[in-house]
Amino acid sequence: MNESLLINITLAVLFLPLIGFTFTVLSGGKIKKAFTFEVFISSITLILSVFLLYAKISAFVEKDILFSFSWINFGILPKWGELNIKLGIKLDNITVIMAFVVTLISFLVHIFSVEYMKGDKRYNRYFAYLGIFTFSMLGIVFTDNILGMYIFWELVGLSSYLLIGFWFEKKSASDAGKKAFIVNRIGDIGMFAGILILFFTYHTFNFNEIFEQMSAGKIPFNSDFWMTLTGILIFMGAIGKSAQFPLHVWLPDAMEGPTPVSALIHAATMVAAGVYLSVRIFVMLTADTMLVIAIIGAITSFIAATIALTQNDIKKVLAYSTVSQLGYMIMAVGVGAYAFAFFHLVTHAFFKACLFLGSGSVIHSMHHEQDIQNMGGLRKKMPLTYISFLVSTLAISGVPFTSGFLSKDGILAGTLAFGKLTGHWLIPIAAFTVALMTAFYMFRLVILTFHGEPRDVHKFEHAHESPKLMVIPLIVLSLLSLFIFYTPNPVSPDQGWFLSEWIKTPSQVVPENSRFDFLINSAGEQTNHGKIIHSVEYTETLHSVHYPALFLSLILGGLGILIAFVIYQWKKINPDAITAKIKPLYLFSLNKWYIDELYDKTFIAGTLLVSRLSAWFDTNLVDGIVNGSAYVIKSFSNIVGWFDKYIIDGFVNFTAFLSGFLGIGLRRLQTGKVQTYIILVIVSAIILFVFFRPF
Amino acid sequence: MEVGLNHFLFISAALFSAGIYAIVSRKNAIMVLMGVELILNAANINFVAFSRYGNFGLDGQIYGLFVIILAAAEAAIALAIVLNLYKTFANINVDEIDNLKE
Amino acid sequence: MVNIPYLSLITFLPVLGMILLLFIPKNKPEAVKILSLLVTVIQLIIAAFLTMNFDYSAGGVFEQSSFQFLEKFRWIQLTGISWLGNLKIDYFLGVDGISMPMVLLTAIVSLIATISSWTIAKHIKGYFAMLLLLNTGMMGVFVSLDMFLFYIFWELMLLPMYFLIGIWGGPRKEYAAIKFFIYTLFGSVFILIVMIGLYFSVQETIGNTKVFTFNILEMMNQSNYTADGILSPLNPYNLRFAAYIALFVGFAIKIPMFPFHTWLPDAHVEAPTPISVILAGVLLKMGTYGILRISFPIFPEITIQLSWYIALFGMINILYGAFCALAQKDFKKLIAYSSVSHMGYVLLGMASLSSAGITGAIFQMFNHGTITSMLFLIVGVIYDRAHTRGLDDFGGLASQMPVYTGFVTVAFFAAIGLPGMSGFISEALVFIGAFSNDTTRITAIISTLGILFGAGYMLWALQRIFFGKLNEKWSSLTDLTAREYIMLIPLSIIIIFLGIYPSAMLGMMNTSVNSLVNFITETSNIITAGL
């Protein structure tokens, strides 16, 4: 097995979905079964990426495989030096795992969609869009440079736009698509500005080259402030894409898209791209940047969890839970729990995809009913969906023996250690509160949907278990939510291959004085085969908080589940009574903290106001000056014209009149008779002769 | 009394005056033409006379010949004009042909 | 090998076609169209040939020997006119990396516009004659290297444009045509004044004698300036600063730069589709091209001095254009304002005076040419069918005209600057360049907001026209015709191809841009040192 083979396979994995897209979109109108090609491509991609994962892990686990080519080569530029924009591929363990996650979920969603989307009039187009999404997402995963990241970043934005607005006949869908794209753009502007700073400083887009120069001490404008700012700016991209506060508003709206799309793009993969980006740039984050990231993650996960408590749309609950979990991952990056951020990304991708596909299955069988208040009792009708949904819910709630337990526990321990080391206790507090709320609202969802008695009997009677093609993906994904795929020890992931062998926290490259103390490896020790970058103190703290964090999260998770059962299953407490008591808080949560309304009133209304003002300014002032000066000149020329007509021309006309008058008098001399003329000539000749006689 | 230059000049002047008178007074275009001929011949007499009595060699006589030829040509053209005048106006009375007035 | 005057050929072929066209009897409109098409096709073939034989390593800019496809003859020479001295005007054509993309663009856009003119019904002969004349004017501006010649072509293109808008335009065509004509003429006067000022300040050495000259390249050579010339840096009381501003205003009107832009929306709204295509696709580029070709290298020291202001106006164009576009209700006006916004990137890139920025600017000129042409064609398609352009009159067309919507999506996202399309590369280069220069950095950062608002107005327009429930009124609209495919497919291919493989175009300009940047820095140093 050699590296070039791996590179070729990577390129195949990357471009096959693009081929699928191109073929399907071009032939979709004419060939009815065009989508089968896309599904076929997707399965090939999955097989190849499984092979890629296997090959990388088995043969090159410690080595990154790099490949790059010159995209735009300017040669030597004056005042700049060499400018050679390269694109390329970097295969490390994170990449191949992520690629596997993407292609697997993409494949499962393809299969699921075959049934789910049946009968849609733009069936083929749907699959084509899935193809271009997979392509762009894999681009983000494989790229070795930040420009490539940005390029594919925008492309996933495009496919997300297209898929959210897939049912564009609905105004809400096209609104949501537009909103998603534009809100993402806000983050992208920051990311782009960050990229500009990086490129200006390092003259390269390549991650490795940037990090090398950075570890040699070169930082933007030689100032820590700019280093921090650059990190935050690039992280803005993640804020947009991973729906972090304050740009989280697009994700819940994005649920207007078809449910399998929500599973693929808006739960498992694309929204995790922000986390992926943060993981990629982890090494260049200064202490301040990390703190910002951690705070944003904490705020996001908290806000989203509180909103999820009261939502009644099955997809909205899941959407907010996604936002909340993404906040977790972002927070994990911020507190330095690098490996767990990525670990949670992977585990979350599987169980959240399962939850979304499960909700899709429910919605499908309930004839597009999404309100959980009209569901209930579906457990009996849809046992397989129920079981897989339940397993995933257990995972997201952090119940032992699930993958979610492992990754979430790691993050919680990380925040606790962070709080202990830096004194920012609010972050772990938020994280644990969220853990409680997550368990509660997820079980509320499960109970209201699957347990109890059906509340809409008519719809219930028509409900049925979904067809095989829809159920199989659910089962696969729920199996992947079990601990066994990641570690043999169900309570500690540390011994698992995933964390101990595959994912190594890399050494930071920012100058040591702008790092967190705990990220400076004072002892210089090397553990296992990888570099460990944390200080001894950090390692010790992490060990000391591991069990407290574990018990605390178990207790809080259990408590959340218990409350959910007490209220909704056993109905010991009437939920309405509680909401009545805390009505303002309830409404605050139900209305999503009024953030959308706030944005509508401020940013959107502000922009529209400015735009109307500009337009008014343009037509009335700028153009007014143009037309005004035209008017002034015209008036002036009217005056000149009058002057010309009556004075100047009057003078001319007077001359003409005078000569005419004289002419009338003199014309009498003209008889028209030749003889008269001759006499005149002779007389004049004589007169002349007399006057000027020469002798 | 010997015939000298003055006699010739006198005849020439008389002839010239007769020509002028004819041109100015006659109404018939043909008569006007004949007046022109008279003037030409008056000039001819002058040429020949100066040629004989002056120191100009034969130049005057040669000019005299030219004038005769010219007169012939002029007569031909002028008659043609008169003919056309008649065709146009059915009249050769120069008093009535005063289109030049306009 | 015989030296074929390719540039004369490509420039005057349309005039030749126009003369031939006048012999075609009136009752054969098809022949008129086919002749025009033939002319533009041959033009494109020549342009492609030139591109293929273009030497990527030749710089051009200020050096006559490295210009390509050079043609230089004495055109007008009058000796010994008392106060004029010796009048000398050259017929001087040549291309370098700055003009070659523009020549190619002109050829492409002309061809597309000719195809798009197929539906013109009124005075077909006159229309195509004007179109061909316009074509010559545009091509001439991009290839001439003598300022007098440049000015002639510059003015030559005004007249047909006036008639094309004024006769074949929409309801307020007279107003728009006159506004366009007077506005641009107003700008031309400034150019004329500066041109004459330069003429009396620059002397070219021919043999032993020194002669005043209109040669643009000689004007760049500082050793050619007379000691007392009004625009000579040697003259302590020179008017170079004022001349620069005057020249800049002359060109800025054409770009059009805020606050000289208001003729554009009117002209676009009234002009027929093909004329809008030419207007946005080529004419606007003449302003920025003029600045690059004339203002920058002839007045390098003032360029550096004023670069911040140029960047500022670029920024205003970007944001102001975007805001105005956001408020429009007329589809065509929206595109017109988006042009204002996009031309702002060109200004910003040029102001950076860095290779990346200027390359980005020229590339943006090309890309804006293709993308905006496509956008105007798209407006034309819908206007031909529905006879309205109000954004709010439509809705749900995506289900009625899916293929059309596909092309619209490509064009809109190209205009938004989506990676994978050509607009992204040029905008990114502009930003890289502008960011790398200390003077323009802050404007570059603020201008990134343009990316956001650009997405805003484009997507909003897309939504209002194509998404939502189909308005029953439009249920009879048909999808694209073969002719429309022929126009839209090549443009889409160009846009996507250059987005994926931009080197195809960037390589062409690289050497020239580098030598321009070096030239500006060095000459500016010489001038400031001399003062």
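Owing to the predicted nature of the structure, the values given are computational and were not obtained by experimental measurement.
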Just checking, any donor-acceptor pair under 3.5 angstrom between side chains of C:N514 and C:S355? yes
Return yes if a side-chain donor-acceptor contact under 3.5 Å exists between A:N184 and A:Y161, otherwise no. no
What part of C:T359 gets closer than 4.5 Å to chain A, counting heavy atoms only: side chain, backbone, both or neither? side chain
At a heavy-atom separation under 4.5 Å, does C:L506 approach chain A through its side chain, its backbone, both, or neither? side chain
Using a distance-only test with no angle check, is there a side-chain donor-acceptor pair under 3.5 angstrom linking C:N317 and C:H261? no
Counting heavy-atom pairs under 4.5 Å with chain C, which one of A:F199, A:F192, A:Y150 comes out on top? A:F192
Please classify the contact between C:A428 and chain A as side chain, backbone, both or neither, with a heavy-atom cut-off of under 4.5 Å. both
Who among A:L196, A:I182, A:D618, A:I72 has the most heavy-atom pairs with chain C under 4.5 Å? A:D618
For atom NZ of C:K469, is the number of surrounding heavy atoms from other residues, nucleotides or ligands below 6.0 Å larger than 12? no
When rounded to the nearest 0.5 angstrom, what is the spacing between CD in A:E82 and NE2 in A:H203? 11.0 Å
Side chain, backbone, both or neither: which part of C:F431 has a non-hydrogen atom closer than 4.5 Å to chain A? both
Contact part of C:L462 toward chain A, heavy-atom cut-off under 4.5 Å: side chain, backbone, both or neither? side chain
Between C:K329 and C:D392, is there a side-chain N and carboxylate O pair less than 4.0 Å apart? no
Residue, of C:L319, C:I500, C:V403, that accumulates the most heavy atom pairs under 4.5 Å with chain A: C:I500
Contact leader toward chain A among C:S436, C:G395, C:G396, where contacts are heavy-atom pairs under 4.5 Å: C:S436
Given 3.5 Å as the limit, does a donor-acceptor pair link the side chain of C:R441 with the main chain of C:F435, or not? yes
Does any backbone or side-chain atom of C:I520 lie under 4.5 Å from a heavy atom of chain A? Answer side chain, backbone, both or neither. neither
Between C:P259, C:S354, C:S399, C:P402, who has the most heavy-atom pairs with chain A when the cutoff is under 4.5 Å? C:S399
Would you mind checking which part of A:V622 comes under 4.5 Å of any heavy atom in chain C, side chain (CB onward), backbone (N, CA, C, O), both or neither? both
More than 12 heavy atoms of other residues, nucleotides or ligands under 6.0 Å from CZ of A:F603: is that the case? no
Among A:I197, A:L198, A:L229, which residue meets the side chain to side chain contact (heavy atoms under 4.5 Å, CB included) test with A:I234? A:L198
Quick check on the interface: out of C:A325, C:P502, C:G507, C:A444, who has the most heavy-atom pairs with chain A under 4.5 Å? C:P502
Examine whether an atom of A:F74 lies under 4.5 Å from a heavy atom of chain C, and if so say whether it belongs to the side chain, the backbone or both; otherwise answer neither. both
Which region of C:W460, side chain (C-beta onward) or backbone (N, CA, C, O), has a non-hydrogen atom less than 4.5 Å from a non-hydrogen atom of chain A, or is it both or neither? both
Okay, C:F260 and chain A: the region with an atom under 4.5 Å from a heavy atom over there is neither
Using non-hydrogen atoms and a 4.5 Å limit, figure out which bit of A:S70 sits close to chain C: side chain, backbone, both or neither. neither
Is A:W153 close to chain C through its backbone or its side chain, or both, or neither, when contacts mean heavy atoms under 4.5 Å? neither
Side-chain heavy atoms of C:Q463 within contact of C:L459, under 4.5 Å: no
Using a cut-off of under 4.5 Å for heavy-atom pairs, which of A:N627, A:I625, A:I76 has the most such pairs with chain C? A:N627
So which of A:A630, A:G165, A:A173, A:S174 has the largest heavy-atom pair count under 4.5 angstrom toward chain C? A:S174
Measure the spacing between CZ of A:F200 and CG of C:N437 and express it to the nearest 0.5 Å. 8.5 Å
Engaged part of A:K171 at the chain C interface, taking heavy atoms whose separation is under 4.5 Å: both
Are more than 12 heavy atoms from other residues, nucleotides or ligands located less than 6.0 Å from atom CZ of A:F69? yes
For A:W226 and A:F221, take the angle between the two ring planes, folded into 0 to 90°, and tell me which bin it lands in: parallel under 30, tilted 30 to 60, perpendicular over 60. tilted
So what's closer than 4.5 Å to chain C heavy atoms on A:L621: side chain, backbone, both or neither? neither
For the residue pair C:Y337 and C:K333, confirm or rule out a side-chain donor-acceptor distance under 3.5 Å. no
Could you tell me which of A:F168, A:W71, A:F181, A:F617 has the largest number of non-hydrogen atom pairs under 4.5 Å with chain C? A:F168
Among C:A327, C:A322, C:P419, which has the most heavy-atom pairs under 4.5 Å with chain A? C:P419
Indicate yes or no: does A:E169 engage A:R122 in a salt bridge with an N to O separation below 4.0 Å. yes
When heavy-atom pairs shorter than 4.5 Å are enumerated against chain C, which of A:L608, A:D188, A:T607 gives the highest number? A:T607
Using a 3.5 Å distance criterion without hydrogens, assess whether the side chain of C:T440 forms a donor-acceptor pair with backbone atoms of C:A434. yes
Top residue by heavy-atom pair count (under 4.5 Å) with chain A, among C:I416, C:D266, C:V513? C:I416
Structural part of C:L449 lying under 4.5 Å from a heavy atom of chain A: both
